[in-house]
2 protein chains.
Amino acid sequence: MRDIEPFACCSPEVIARLETIAQRFALPSSEALPETGHGERIVFITGGAAKLIAPGTPKGHILAFQFPGDIVSISHRPEGSATLVALSELELVMFLAHEFLDAAEIDPALLRAVLVRSLDTIQRNRIRMMRLGHRTARQRVAGFLVNMGERLCGCTSGPCELDLPMGRGDIGNSLGLTIETVSRQFTELRGEGFVTTSGRSAVHIADIDALRREAGP
Amino acid sequence: MRDIEPFACCSPEVIARLETIAQRFALPSSEALPETGHGERIVFITGGAAKLIAPGTPKGHILAFQFPGDIVSISHRPEGSATLVALSELELVMFLAHEFLDAAEIDPALLRAVLVRSLDTIQRNRIRMMRLGHRTARQRVAGFLVNMGERLCGCTSGPCELDLPMGRGDIGNSLGLTIETVSRQFTELRGEGFVTTSGRSAVHIADIDALRREAGP
DNA sequence: CGATCAATTGACTTAGCTCAAAGCATGTGG
DNA sequence: CCACATGCTTTGAGCTAAGTCAATTGATCG
């Protein structure tokens, strides 16, 4: 439990209480996190990669990709709910939101840590949102790769080597583009030397700063 | 201070402390909330309407519209920062985030209330995000009007009368559409009897459920 | 009652979608 | 270890929704 960052500084009592209400999952690739009858849930990703899929959409629109360290809240309201699906061997710790919040209220520092994180998520999403609304296909794909470089390998400048856990289809879906358009953009970025690829998933970013410039302001 | 919903149940001591660190603003239309040298800020909107504009973009992309009851966190990082601009007479209460969080740590219930709200915002944004990525112009505009009906007048079904505080340009900007496309969609929805308009800002939604159906799944 | 700025409408262009056909990885059985 | 089958990925050719440019109409305010 201590390995989950916001819990690092919790008192032993709080940790113990969290242990009793936590549910751990280890999902094989492409398996979905099972629905719990009802109630909002808070999920801490501890390993692997996952996609968060919109509810009630026939095509299953991808709302976000999630990686270790991420906190995902999954509400139960019909229009707000979502499904978490493993992209690779996925490990996570799940709480019922009200149980978690009841426990966390004992430890304001924990509550604060989770709050700060979610305010951060809101900021990140705002930017993502803007991207989707106002960016060209090229900018979206470049931005996506920069994002993955940063989140998967912690690269912030210079070259970066990464393995994408999702296929072109999922990338396109999450960016609001078709699989073909994503592929064409990959080809273009490859042709201009921004990236090299080998196999389906391996991507080498020559210079993440240059790619970031392609992603636009 | 009590009029701000998450503060309703706070103890008098916490309220008193919040009073000392709160900064109140009343901005006339089209005025921007002034930058504070540095540090993250948390803003509670108490009256009027505002747009949140992306940083460092020449065109000033609109990230969100904000109304009374909304909580906005404005970070200071160069890429994450944003500007809040009044659309009508705007009233708000601003805190420096660390000061607010220090005060709120005394009252876990307050922290919890703010956290629950931000988890909610994340959900709303997810859906908004999906909209921008995967929806046609018509669906975006229909969805926008439904959203405004719900947030400005609390209408959830049946007819709805509202005054849009923003112009077509701002609507288009926030939806990733041009002013002309927004106008054409208004004309179309008007022609099909979903809405009637009078003047620039008054909109009458004949049946918000019907319009919601146009906005897609 | 003009002056001004926002909204609408029209004609044309284009980025990205659709449909369709190869080309490659990756995994399986001989 | 190689052949082949399956499902991604890439590439190509046309089409369409939305953008651009330009002109007109309509609202609002001094």
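The model shown is predicted, which means the values in this text are computed figures rather than measured ones. Residue numbers begin at 1 in each chain, while the letters A, B, ... track the order of the sequences.
Listed pair B:Thr181 / D:dG19 meets the phosphate criterion, a side-chain N or O lying under 4.0 Å from OP1 or OP2. At C:dT8, one or more side-chain N or O atoms of B:Ser183 fall inside 4.0 Å of OP1 or OP2 (strictly under the cut-off). Contact annotation: B:Arg200 side-chain N/O to D:dG26 OP1/OP2 distance is not under 4.0 Å. Within the structure, every side-chain polar atom (N or O) of A:Thr178 is placed at least 4.0 Å from both OP1 and OP2 of C:dG16.
Atom CG in A:Leu189 sits roughly 11 Å away from atom P in D:dT10 (whole-Å rounding). Between the CD1 atom of B:Ile171 and the P atom of C:dA6 there is a distance of 14 Å, given to the nearest Å. If you measure from atom CZ of B:Phe186 to atom P of C:dA6, you get 16 Å, rounded to the nearest angstrom. At whole-Å resolution of the value, CD in B:Glu188 and P in D:dA18 are 9 Å apart. Rounded to whole Å, atom C1' of D:dA18 lies 14 Å from atom NE2 of A:His134. Between A:Arg168 atom CZ and C:dC17 atom C1' the separation is 19 Å, expressed in whole Å. When rounded to the nearest whole Å, the span between CZ of B:Arg140 and C1' of D:dG19 equals 12 Å. Atom pair B:Asn173:CG and D:dG19:C1' shows a separation of 15 Å (rounding to whole Å applied).
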**Prompt:** A:Met94 and A:Thr36: side chain to side chain contact (heavy atoms under 4.5 Å, CB included), yes or no, with the steps?
**Reply:** CA-CA 11 Å; A:Met94 188 188 92; A:Thr36 56; 3.6 Å; yes
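Nucleic acid contact for A:Arg190: sugar-phosphate only, since backbone atoms but no base atoms lie under 4.0 Å from a heavy atom of the residue. A:Thr187 comes within contact range of the sugar-phosphate backbone alone, with a heavy-atom separation under 4.0 Å but no base atom that close. Across all strands shown, B:Gly172 has no heavy atoms under 4.0 Å from either base or sugar-phosphate atoms.
Between B:His134 and A:His61, the two ring planes are parallel [angle under 30°; tilted spans 30° to 60°].
One donor-acceptor pair, N or O on each side, does fall under 3.5 Å between the base of C:dG10 and the side chain of B:Arg184.
Atom CZ in A:Arg140 sits 14.5 Å away from atom CG in A:Leu145 (nearest 0.5 Å).
Comment: A:Asp209 engages A:Arg212 in a salt bridge, judged by a side-chain N to carboxylate O separation of less than 4.0 angstrom. By the 4.0 Å N-to-carboxylate-O rule, B:Glu99 lies too far from B:Arg41 to be salt-bridged with it.
In this structure, of D:dG12, C:dA25, D:dT20, it is D:dG12 that holds the atom nearest to the side chain of A:Glu180.
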